[in-house]
Peer 1: 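Here it is: the structure, laid out below.
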Amino acid sequence: MAKESKKQVSAITDMEQDFAQWYTDVCTKAELIDYSRVKGMFILRPYGYALWENIQGELDRRFKETGHENVYLPLLIPESLLQKEKDHVEGFAPECAWVTVGGSEDLEERLCIRPTSETLFCDHYANVIKSWRDLPKLYNQWCSVLRWEKTSRPFLRHREFLWQEGHTMHETAQEAIEETLQMLEVYADFCENILAMPVVKGVKTDKEKFSGAENTYTIECMMHDRKALQSGTSHYFGDGFARAFDITFADKENKLSYPHQTSWGLSTRIIGGIIMTHGDNSGLVLPPRIAPTQVMVLPIAQHKEGVIEATGALAARLKAAGFRTKTDVSDQSPGWKFAEYEMKGVPLRVELGPKDIENNQCVIVRRDTGEKQFVSLDQVEAAVSAALDAVHAGLYQKAKRNLEEHTYAAKTLEEAKAIQAEHGGFIKTMWCGEEACEIRMKEEAGMTSRCIPMVQEQVGDCCAICGGKAKDMIYWGVAY
RNA sequence: CGGGGUGUGGCGAAGUUUGGUAUCGCGCUUGGUUCGGGUCCAAGAGGCCUGGGGUUCGAAUCCCCACACUCCGACCA
């Protein structure tokens, strides 16, 4: 009886049994998300939104440290504007949603709800960039965009999703390329040091790059089911958009020149990545540096004299020390509370009961390992700080091990196919650079190219697919 | 957009084959009890069974049509 009710309350499917169902369970049971009336549009509940706010805070600080300014551009793009750059419109047209009526009047020109804002930024830049003195322009926008996806999943594929999009303009190609790479580094650093997610940095093939870009750089992460998640991208555009939008400036020699452009983005999709990188069968596991609640202080035998007061005092101390701390003095049983905050991925639980109070101590429990530690109340701040760092390091190491243990080298298509079928993960091979080989890999092994990593290795002499002359070492994988 | 699955109080399900006016668990409310891993007991509130049409004396149940969610595939961040 008790066993049965336990199972019904927890109700998170084991990831080994059904990974997709596990994922959906975590999203809803941890109260990150709710479904709305419109397909593909999700409600970010307070806990999920708080996570995004913390992500925003960390990224925004990094953007500002690297000289960027926030702006806000309109939601709607006139069709004529969207069509100025050929590759771009071809890439996005299939998933655009349109506004055709205003009030009761049909509009003369239909308006696209932004799927991304390159065209809006370019239109604006054409107005404000006149001289080399106006460069660089280092803008970022926090907003939502809309793409009419056919299928959707919480965080991983929303029709409307929150993101940031950086759009910059530079005097020289060199400077723009440096910016592109710099922002890739910002994302990689953020993922590894804040989210505890190890990344593979690289450049996309022509087939996989952003519509209209010259180069797309990416950070690829490996999820627990060994599928790949593209977690952030940074694009170098050259002067293609500038020419299409007629953005010119007088350079230092008073010659009319086209500026060089970049854009880079990271979305709420990363939350899906956090869930699938760190989560376990008890639910969410949050990296401490962005967890909305880092420490949950729970009273044991709270009806006993002084326990609730002591719990409140301890929580206040931890809050004062700068830790995001909460308590739960509801009349649920301790066991219920343990399970609840595990499901919500709170990195540390601090238990405080009559015995602890008597001994001037508390119990610190790590979410990732379940490890318990008895700590004197005199040193609790230092212990919590160390434990949070330990959780971060533990999560990172575990994810890194998953990435490394499931990255394989292959010399032939057959070998790659066999490895993918048996183990999943990333498979590195040599590649000739031909799109035909990418298509063949997709058709035969179900894998797309993830990236050509910055750090190259010689894993063979010729292209694993066609046997032709190898150009680069490339990563393949099944992607979200 | 192709293929499968599902739709019954807030959640998870039984009931559908063989039509007879809805059952169970969780949650919720109130009171008591317990508290170091989802305590226990009692009393209560809440559903015209996704929507629309049809068959029938009678439909959650049979038929048709929509819609939604979900999984797999194609496409995409």
Peer 1: Hey, does Val145(A) reach any base, or is it just sugar-phosphate, or nothing, if we go heavy atoms under 4.0 Å?
Peer 2: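 Here Val145(A) touches no strand at all.
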
Peer 1: Can you tell me the Watson-Crick or wobble partner of U6(B), both distances under 3.5 angstrom?
Peer 2: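 Partner of U6(B): A68(B).
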
Peer 1: Hey, what's the ring geometry for Phe241(A) with Phe237(A), parallel, tilted or perpendicular (30° and 60° as the breaks)?
Peer 2: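 The rings of Phe241(A) and Phe237(A) stand perpendicular, inter-plane angle above 60°.
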
Peer 1: Say you pick atom C1' in U21(B) and the same atom in C49(B); how far apart are they, in whole Å?
Peer 2: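 Roughly 11 Å separates the two C1' atoms.
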
Peer 1: Distance between the C1' atoms of G7(B) and A13(B), in whole angstroms?
Peer 2: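 So the two C1' atoms sit 12 Å from each other.
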
Peer 1: Please report the closest heavy-atom contact between Thr13(A) and Trp22(A), naming both atoms and the distance.
Peer 2: O-CD1, 3.0 Å

Peer 1: Determine the contact category for Lys355(A): base if any of its heavy atoms lies under 4.0 Å from a base atom, sugar-phosphate if only primed atoms, P, OP1 or OP2 are that close, otherwise nothing.
Peer 2: base

Peer 1: Could you check how far CD of Gln373(A) sits from P of G36(B), rounded to whole Å?
Peer 2: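 Taking CD of Gln373(A) and P of G36(B), I get 21 Å after rounding.
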
Peer 1: If you check the Thr151(A) side chain, which of C35(B), U70(B), C1(B) turns out closest?
Peer 2: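 Looking only at heavy atoms from C-beta outward on Thr151(A), the closest nucleotide is C1(B).
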
Peer 1: Of Glu149(A) and Asp18(A), whose closest RNA chain B nucleotide lies nearer the 5' terminus?
Peer 2: Asp18(A)

Peer 1: Whole Å only: how far is the CD atom of Glu90(A) from the C1' atom of C76(B)?
Peer 2: 16 Å

Peer 1: Closer than 4.0 Å, any side-chain N/O of Thr24(A) to the OP1 or OP2 of C71(B)?
Peer 2: yes

Peer 1: Can you figure out which of A77(B), C35(B), C1(B) approaches the side chain of Arg147(A) most closely?
Peer 2: A77(B)

Peer 1: Starting from P on C76(B), measure out to NE2 on His235(A) and report it in whole angstrom.
Peer 2: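 Whole-Å distance recorded here is 14 Å.
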
Peer 1: Which nucleotide, C35(B), C72(B), G37(B), lies nearest any side-chain atom of Pro334(A)?
Peer 2: C35(B)

Peer 1: So, Tyr23(A) side chain and Pro154(A) main chain: donor-acceptor pair closer than 3.5 Å or not?
Peer 2: yes

Peer 1: Between G37(B), G36(B), C76(B), which nucleotide has the shortest distance from any of its atoms to the side chain of Arg349(A)?
Peer 2: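 Taking heavy atoms from C-beta onward, the closest nucleotide is G37(B).
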
Peer 1: Between G36(B), A77(B), U39(B), which nucleotide has the shortest distance from any of its atoms to the side chain of Trp336(A)?
Peer 2: U39(B)

Peer 1: With the side chain counted from C-beta on, respond yes when Tyr396(A) and Leu195(A) share a heavy-atom pair under 4.5 Å apart, and no when they do not.
Peer 2: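 A side-chain contact is absent here, since even the closest heavy-atom pair is not under 4.5 Å.
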
Peer 1: Whole-Å distance between A77(B) P and Trp264(A) CH2?
Peer 2: 18 Å

Peer 1: Take Gln21(A) and Glu95(A), find for each the nucleotide of RNA chain B with the closest heavy atom, and name the residue whose nucleotide sits nearer the 5' end.
Peer 2: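 That would be Gln21(A).
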
Peer 1: Measure from the side-chain heavy atoms of Phe42(A) and tell me the nearest of U70(B), C76(B), G38(B).
Peer 2: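 Minimum distance to the Phe42(A) side chain belongs to U70(B).
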
Peer 1: Taking the C1' atom in each of G3(B) and A74(B), what is the distance between them to the nearest angstrom?
Peer 2: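 Comparing C1' positions in G3(B) and A74(B) gives a spacing of 12 Å.
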
Peer 1: Backbone N or O of Val365(A) within a donor-acceptor pair of the Arg349(A) side chain at under 3.5 Å?
Peer 2: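 Judged by distance alone, no pair lies under 3.5 Å.
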
Peer 1: Looking only at the side chain of Lys442(A) (C-beta and beyond, no hydrogens), which of the listed nucleotides U70(B), A74(B), G36(B) gets closest?
Peer 2: A74(B)

Peer 1: Who does C1(B) pair with, Watson-Crick or G-U, both distances under 3.5 Å?
Peer 2: G73(B)

Peer 1: C1' atom, G27(B) versus C11(B): distance in rounded Å?
Peer 2: 7 Å

Peer 1: Between G51(B) and A60(B), how many Å separate the two C1' atoms, rounded to a whole number?
Peer 2: 14 Å

Peer 1: Without decimals, in angstroms, what is the distance between Asp25(A) CG and U70(B) C1'?
Peer 2: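 One finds 12 Å between C1' of U70(B) and CG of Asp25(A), rounded.
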
Peer 1: What's the closest nucleotide to the side chain of Ser267(A) if the choices are C35(B), G36(B), A77(B)?
Peer 2: A77(B)

Peer 1: Taking only the C1' atom of each, what is the distance from G9(B) to U50(B) in whole angstrom?
Peer 2: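 Those two atoms are separated by 14 Å.
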
Peer 1: Round to a whole Å and report the spacing from OH of Tyr35(A) to P of U50(B).
Peer 2: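 In whole Å, U50(B) P lies 19 Å from Tyr35(A) OH.
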
Peer 1: Does a distance-only test, which skips hydrogens and angles, find a donor-acceptor pair under 3.5 Å between the side chain of Gln332(A) and the base of G38(B)?
Peer 2: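 Looking at the base of G38(B), it does not pair with any donor or acceptor on the side chain of Gln332(A) (distance under 3.5 Å).
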
Peer 1: CE of Met343(A) versus C1' of C11(B): gap in Å, rounded?
Peer 2: 12 Å

Peer 1: Check the orientation of Phe63(A) and Tyr187(A). Use parallel for under 30°, tilted for 30 to 60°, and perpendicular for over 60°.
Peer 2: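 Judged by the thresholds at 30° and 60°, the geometry between Phe63(A) and Tyr187(A) is perpendicular.
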
Peer 1: On a whole-Å scale, what distance lies between the P atoms belonging to U8(B) and G47(B)?
Peer 2: 15 Å

Peer 1: On the 0 to 90° scale, with breaks at 30° and 60°, tag the Phe121(A)-His167(A) ring pair as parallel, tilted or perpendicular.
Peer 2: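 Phe121(A) and His167(A): parallel rings.
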
Peer 1: Verify the distance criterion only: is there a donor paired with an acceptor across the side chains of Ser117(A) and Glu165(A) at less than 3.5 Å?
Peer 2: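 Yes, a side-chain donor-acceptor pair sits under 3.5 Å.
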
Peer 1: Could one point to a donor on the side chain of Lys337(A) or the base of G38(B) with an acceptor on the other under 3.5 Å away?
Peer 2: no

Peer 1: Does A43(B) have a Watson-Crick or wobble partner in any strand here, with both distances under 3.5 angstrom, and which is it?
Peer 2: U29(B)

Peer 1: Is there a stack between His303(A) and C35(B), judged by ring centres under 5.5 Å and planes under 30°?
Peer 2: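 Yes, His303(A) stacks on the base of C35(B), since the ring centres sit under 5.5 Å apart and the planes are within 30°.
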
Peer 1: Which nucleotide sits closest to the side chain of Phe338(A): G37(B), G38(B), C35(B)?
Peer 2: G37(B)

Peer 1: Take atom NZ of Lys150(A) and atom C1' of A77(B), then tell me their distance rounded to the nearest Å.
Peer 2: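 Those two atoms, NZ and C1', are 16 Å apart.
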
Peer 1: Can you tell which of C71(B), G38(B), A77(B) lies closest to the side chain of Arg153(A)?
Peer 2: C71(B)

Peer 1: If I pick the P atom on A45(B) and the same atom on U23(B), what distance separates them, to the nearest angstrom?
Peer 2: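 Those two atoms are separated by 14 Å.
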
